Amino acid sequence: MKRILVTGGAGFLGSHLCERLLAEGNEVLCLDNFFTGSKQNIAHLASKPYFEIIRHDITFPLYVEVDQIYNLACPASPVHYQHDPVQTTKTSVHGAINMLGLAKRLNARILQASTSEVYGDPEIHPQPEEYWGKVNPIGIRSCYDEGKRCAETLFFDYYRQHNLDIKVVRIFNTYGPRMHPHDGRVVSNFIVQALKGENISIYGDGEQTRSFCYVDDLVDAMIRMMATPAGITGPINIGNPGEFTMLELAEKVIALTGSSSQLIFCPLPSDDPRQRKPDITLAKKELNWHPAVNLEDGLTQTIAYFRKLLSEA
Ligand code: NAD
Ligand code: UDP
């Protein structure tokens, strides 16, 4: 049995990861400041004897004893990370320094939840890990993009300077049950709008693309990455290479919900990437992993979750 710290454990991805790690027989310390996460996401785990909840902000140092750390704490939706951009950068940068310092003291293995946003508005398609990205350093997405880039830098400097056992995964858009209904991300927005019979908000012309990975596939890849031998550091892209325009996504959501919602076109937020699709050659090779859940099946599960959530509200 390992003692594992999951920062951001009460968030969307973190709660699924805690659930899987517990099911595999580990002791889990779930740390969160509950900015975007909720106790509801982990309520079903609270009574388990090997599950512990710590209310803490990772921009402050932390003293616990663990074998492994998954560092997920950071708001991930543009609406939430732009709400307090200074705190977003602090969470990525000070948070990484604090968690890396903890890992160094404990000689623990540490995994960073990085993001496809490190590629910015990419000129290379699909994006391989060698691509350095095209990121605006002073725009409204920069607090998140540059914060995550700096966190990667810190991880690799701790690796080179202190020989720390690091793992970095670059996560592409991931969706599923327990997404926040009002966090403004496209999958949750479209599903909630469709279920309420409201207009579906397409930003820009809707021709921009994203690749959507179902949460179970993502968690599987993160756990596989953590289990790789020391020296396999990444960064490794994790995502589903299926690529869809936002118009295609809206059509699928309307069809699967049976909604009569109409599309409305809204202004495109600045620096919104035109296209995004992971090259997962490395993940296939190093992790023996590929996504198993297609968009229709994943959306069906996610729609069922939101239908229940809205019926209880
Ligand atoms: P989320 O907002 O649901 O989860 C983030 C969690 O971190 C929340 O529970 C929040 O309360 C917590 N948190 C935020 N700041 C904190 C702080 N300073 N101290 C302690 N806790 C804090 O988002 P998510 O989708 O679950 O994302 C989890 C991680 O994965 C993030 O680091 C995100 O950047 C990364 N990621 C997610 C996606 C995606 O599509 N979901 C894509 C790329 C990267
Ligand atoms: N988007 C949209 N309607 C919405 C929310 C988002 O058309 O209601 C678009 C957004 O402009 C972007 C894409 O969907 O092009 C994905 O947005 P999201 O915020 O989910 O993720 P990110 O931009 O960080 O990849």
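The structure displayed is predicted, hence computed values, not measured ones. Just follow the structure's listing: the first ligand is 1, and inside any ligand the first atom is 1.
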* **Enclosure of E24 CD (heavy-atom neighbours >12, cutoff 6.0 Å)** => yes
* Asked: Which bit of H80 gets closer than 4.0 Å to ligand 1, counting heavy atoms only: side chain, backbone, both or neither?
  -> neither
* Residue, atom name and distance, where the atom is the protein heavy atom closest to atom 10 (C) of ligand 2 -> D272 OD2, 3.3 Å
* Asked: Who gets closest to atom 23 (O) of ligand 2 by heavy atom: R141, R185, E207?
  -> R141
* Asked: By number and element, which atoms of ligand 1 are closer than 4.0 Å to a non-hydrogen atom of H56?
  -> 19 (N), 20 (C)
* Structure fact -> Here the atoms of ligand 2 under 4.0 Å from any heavy atom belonging to N189 are 4 (C), 5 (C), 8 (O)
* Asked: Please state which protein non-hydrogen atom is closest to atom 9 (C) of ligand 2 and give its distance, to 0.1 Å?
  -> Q208 NE2, 3.8 Å
* Structure fact -> Candidates K148, H180, E117; heavy atom nearest atom 32 (O) of ligand 1 found on K148
* Asked: When the ring planes of F172 and Y119 are compared, do they come out parallel, tilted or perpendicular, using 30° and 60° as the limits?
  -> tilted
* Top protein contact for atom 13 (C) of ligand 2, by heavy-atom distance -> M246 SD, 3.7 Å
* From the candidates S114, A76, S116, A113, the one that places a heavy atom nearest atom 44 (C) of ligand 1 -> S114
* Of the choices Y175, Y144, F12, which has the non-hydrogen atom that lies closest to atom 35 (C) of ligand 1? -> Y144
* **For atom 30 (O) of ligand 1, the protein heavy atom that lies nearest, with its residue and separation** => L13 CD1, 3.6 Å
* Counting from 1, what ligand 2 atoms have a heavy atom of E117 closer than 4.0 Å? -> 24 (O)
* Structure fact -> Nearest heavy-atom contact between A108 and L164 is O-CD1, 4.3 Å
* For ligand 1, find out whether one of its N or O atoms is nearer than 3.5 Å to an N or O atom of A73. => no
* To do: Could you tell me which atoms of ligand 2, counted from 1 in the order shown, lie closer than 4.0 angstrom to a heavy atom of P78?
  => 19 (O), 24 (O)
* Asked: So, does G184 sit close enough to ligand 2 that a heavy atom of it is under 4.0 Å from the ligand?
  -> yes
* Asked: Hey, does S77 sit under 4.0 Å from ligand 2 if you only count heavy atoms?
  -> no
* Structure fact -> Only residue of V186, T36, N189, D183 satisfying side-chain contact (heavy atoms from CB on, under 4.5 Å) with S77 is D183
* To do: Return the residue, atom name and 0.1 Å-rounded distance of the protein heavy atom closest to atom 43 (C) of ligand 1.
  => I171 O, 3.1 Å
* With a cut-off of 4.0 Å, which atoms of ligand 1 are near a heavy atom of F34? -> 11 (O)
* With no hydrogens and no angle check, do the side chains of Q193 and S201 hold a donor and an acceptor under 3.5 Å apart? -> yes
* Should V186 be counted as touching ligand 2, given the test is an N or O pair under 3.5 Å? -> yes
* Structure fact -> atom 4 (O) of ligand 1: closest protein heavy atom, distance to 0.1 Å, is G11 CA, 3.6 Å
* Asked: What's the shortest distance from atom 21 (O) of ligand 2 to any protein heavy atom, and which residue and atom give it?
  -> N173 ND2, 3.4 Å
* Any N/O pair Q193/ligand 2 closer than 3.5 Å -> no
* Structure fact -> ligand 1 to N173, heavy atom cutoff 4.0 Å, flagged ligand atoms 40 (O)
* Asked: In terms of side-chain geometry, is the basic nitrogen of R105 or E65 positioned less than 4.0 Å from the acidic oxygen of its partner?
  -> yes
* For R55 and N33, does a side-chain donor sit closer than 3.5 Å to a side-chain acceptor? -> no
* Examine T36 against ligand 1 and note whether any of their N/O atoms are separated by less than 3.5 Å. => yes
* **Shortest protein contact, atom 5 (C) of ligand 2 (heavy atom only)** => Y203 CE1, 3.3 Å
* Compare every heavy atom of E286 with every heavy atom of I236, then report the nearest pair and how far apart it is. => CD1-CB, 3.9 Å
* With only distance considered, is Y81 within less than 3.5 Å of ligand 2 through an N or O on each side? -> no
* Protein heavy atom at shortest distance from atom 39 (C) of ligand 1 -> R185 NH1, 3.4 Å
* Indicate the atoms forming the closest heavy-atom contact of T7 with M99, along with that distance. => CG2-SD, 3.8 Å
* Which protein heavy atom lies closest to atom 18 (N) of ligand 1, and at what distance to 0.1 Å? -> D57 OD1, 2.9 Å
* For ligand 2, which atoms sit closer than 4.0 Å to a heavy atom of I202? -> 7 (O)
* Protein contact to atom 3 (N) of ligand 2 [nearest heavy atom, distance to 0.1 Å] -> S201 O, 2.6 Å
* **Salt bridge E248-R210, side-chain N to carboxylate O under 4.0 Å** => no
* Do D57 and Q87 come within less than 4.5 Å of each other through their side chains, counting heavy atoms only? -> yes
* Asked: So do the side chains of Q262 and I200 get within less than 4.5 Å of each other, counting heavy atoms only?
  -> no
* **Protein contact to atom 14 (C) of ligand 1 [nearest heavy atom, distance to 0.1 Å]** => C74 N, 3.6 Å
* Which protein non-hydrogen atom lies closest to atom 29 (C) of ligand 1, naming both residue and atom, and how far is it? -> L72 O, 3.2 Å
* Looking at R274 and D121, what are the two nearest heavy atoms and their distance? -> N-OD1, 2.9 Å
* **Y175 and Y214 aromatic ring geometry - parallel, tilted or perpendicular at 30°/60° bounds** => perpendicular
* Structure fact -> protein heavy-atom neighbour closest to atom 22 (C) of ligand 1 works out as N33 OD1, 3.0 Å
* Asked: Can P75 be said to touch ligand 1, with heavy atoms closer than 4.0 Å?
  -> yes
